[in-house]
Amino acid sequence: MKTAAAGPQVIVALDYASGDEALAFAGRLDPARCRVKVGKELFTVAGPALVEQLVARGFDLFLDLKYHDIPNTVASACRSAANLGVWMINVHASGGRTMMNAAREALAGLARPPMLIAVTVLTSLGAEDLRETGHSETPEVLVERLARLAAASGMDGVVCSAQEAPRLRSACGPEFCLVTPGIRLADAEQDDQKRIVTPQAAIAGGADYLVVGRPITRAADPLAVLDRINAEIATAQG
Ligand code: C5P
């Protein structure tokens with residue numbers, strides 16, 4: 001197995017509708033035990049100020065805005081995100097090699113560049129959706145194609161389902177960063193996730209970071225759940 005990533009491997013998805021709720025919840029977390037993720041809903045309502053507040057509290061922050069635009073625009077957006085002091089950002093691999101290269105170049109020379117990862121195929125898209133948008137390959141084949149393209153275009157890794165992790169680990173090598181959502185403890189609610197994977201199985205399958213939302217954000221004792229997940233990760237890493 002590859003060397004474990006340094007620092008916390010759980011990324012708590014702060015899927016809240018307001019900055020106040022997100023900050024109140026973040027106050028119940030510990031930056032030494034998890035990182036946090038801000039996505040489109042929260043960023044659209046609370047913006048860069050919230051990101052800077054969370055960073056100032058010591059959290060490593062994944063700004064999950066999935067940039068997809070012409071290369072110059074994506075490069076500028078990546079530079080702006082990096083200036084907020086975030087730890088990880090992402091782009092759509094389907095934006096193409098030139099777009100991903102431009103994103104990578106925009107971060108060159110920064111003292112502490114964020115990790116730059118790609119989204120391959122949205123897990124909400126099935127074979128029929130892909131056919132309608134002009135793709136003849138199955139989701140699995142397209143995911144691997146885009147992950148390989150992301151690796152060749154200077155991306156540090158991809159977001160993927162834990163089921164895909166072993167295949168992408170062997171396709172893209174030991175240094176490629178795999179970030180996996182859809183994680184649930186064995187005795188937890190599934191919510192709307194169709195294919196869930198336990199923390200232990202995700203790490204054993206090659207994931208580096210686990211994105212976990214509701215199992216932590218809706219817990220009566222979020223730190224207790226976080227500690228259970230961290231303990232499972234530690235066990236899986238031996
Ligand atoms: O609450 P839950 O643990 O299901 O949240 C998972 C987080 O990961 C959410 O922010 C969701 O948008 C994100 N995500 C996902 N599945 C993907 C990609 C991202 O659940 N394929």
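In listed order, ligands and their atoms are each counted from 1.
Atom CZ of Arg104 has more than 12 heavy atoms from other residues, nucleotides or ligands within 6.0 Å.
Within the structure, salt bridge (Lys or Arg N to Asp or Glu O under 4.0 Å) contacts touching residues 55-69 (residues at least two apart or in different chains) are Arg35-Asp60, Lys37-Asp64, Asp64-Lys66.
Shortest non-hydrogen contact noted between Glu137 and Arg145 is OE2-NH2, 2.6 Å.
For Arg218, there are no side-chain hydrogen bond (donor to acceptor under 3.5 Å, both in side chains) partners two or more places apart in sequence or in a different chain. In this view, Asp221 satisfies the side-chain hydrogen bond (donor to acceptor under 3.5 Å, both in side chains) rule with no residue, not counting sequence neighbours.
Taking the six-membered ring for Trp and thresholds of 30 and 60 degrees, Phe25 and Tyr16 have ring planes inclined between 30 and 60 degrees apart.
When heavy-atom distances to ligand 1 are checked against 4.0 Å, the residues falling inside are Ala13, Asp15, Lys37, Thr123, Pro181, Arg184, Gln193, Val211, Val212, Gly213, Arg214, Pro215, ordered by chain and number.
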